[in-house]
Structures are given as structure tokens and as C-alpha cells.
Amino acid sequence: MKQSLTELVKAYGQEKAAAFYNELYTALNVSLKTVIERENIDSDFAISGRVVLARSPKQLEGVVNEFVLRQQPLGEDIQVLGRPELRREIACADAFCGGVLIPDMASPIPESTTQV
């Protein structure tokens, strides 16, 4: 979604904005997983989370505020990461001051971590 929940709430109200995000989540995660399973597609698809990164404390504050706003209406579970926690998630953590981990987003698993 190109617009933040904050922007959508301002434009359409909280209920409609949350409905947009929930529909997008369903389309990207639930529907995709259903198709992969139904069609027996050989895929590394996994609900493995994503990290939204920040380069400055001010940017981190904005990211945290956006995702805290999303917790209630969207039911998103987030974890705010400082630089030490970020090092567990990404190799180039020192380039960022922190971020927010959203564990219920889907992404492919990189080959280097795929179990055989």
C-alpha cells in the first residue's frame, strides 16, 4: 500500500482505512498461501515477517508511530528494534538506528536459510 494508515485515516476514516489494509493483507498473504497450497506449487513462501528500517531517530519515531497506530484496528503485532535487536534480523544493521518488525507478513525464504 503506497499510503500509510495515517494518510488513509485522514482521507477515509479509521474503519474504511482498516478495511483497505485488511483486504490487502488477505490478498497478499492468505490468498497467495491458499493458491500455493491448492495448486501444489513448489515455493519457499512463508509468513516470516518484514522489517521497516529507519536511518535516524526522527525517522524511527515516525515508523514506530505509524505501526503503533496500526496495532489496534489491524491487529498487527509489532516489535520495535534498536540497533542491537536489528543485528539479529539483517546483516547491514549498523547503517540504521532501528526499525519495526512486523512478524505476520509474507516473503520468500532466502536460499541460504532454506532447510534441505
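Keep in mind that this is a model prediction, so the values were computed, not measured.
For E23, the CD atom sits in a loose shell: 12 or fewer heavy atoms of surrounding residues, nucleotides or ligands are nearer than 6.0 Å.
For the atom pair CD1 (I102) and CZ (R70), the distance works out to 6.5 Å, reported to the nearest 0.5 Å.
Residues L69 and Y21 share a hydrophobic cluster, clusters being chains of Ile/Leu/Val/Met/Phe/Trp/Tyr side chains in contact below 4.5 Å. In terms of hydrophobic clustering, with Ile, Leu, Val, Met, Phe, Trp and Tyr side chains grouped at heavy-atom distances under 4.5 Å, V52 and I90 are assigned to different clusters. Follow the hydrophobic side-chain contacts under 4.5 Å out from F96 and you reach L81 in the same cluster. Linking Ile, Leu, Val, Met, Phe, Trp and Tyr residues whenever their side-chain heavy atoms come within less than 4.5 Å leaves L86 and V80 in two separate clusters.
Residues C97 and P57 share a closest heavy-atom pair of SG-N, 3.6 Å. Taking all atoms of both residues into account, the shortest heavy-atom contact from G99 to L60 is N-CD1, 3.5 Å.
In this view, D94 and R87 satisfy the side-chain hydrogen bond (donor to acceptor under 3.5 Å, both in side chains) rule, not counting sequence neighbours. Here E37 pairs with nothing under the side-chain hydrogen bond (donor to acceptor under 3.5 Å, both in side chains) rule; sequence neighbours left out.
Sorted by first and then second residue, the side-chain hydrogen bond (donor to acceptor under 3.5 Å, both in side chains) pairs involving residues 53-69 (not counting sequence neighbours) are T6-E66.
V68 pairs in a side-chain contact (heavy atoms from CB on, under 4.5 Å) with only one of the listed residues (V63, V100, I78), which is I78.
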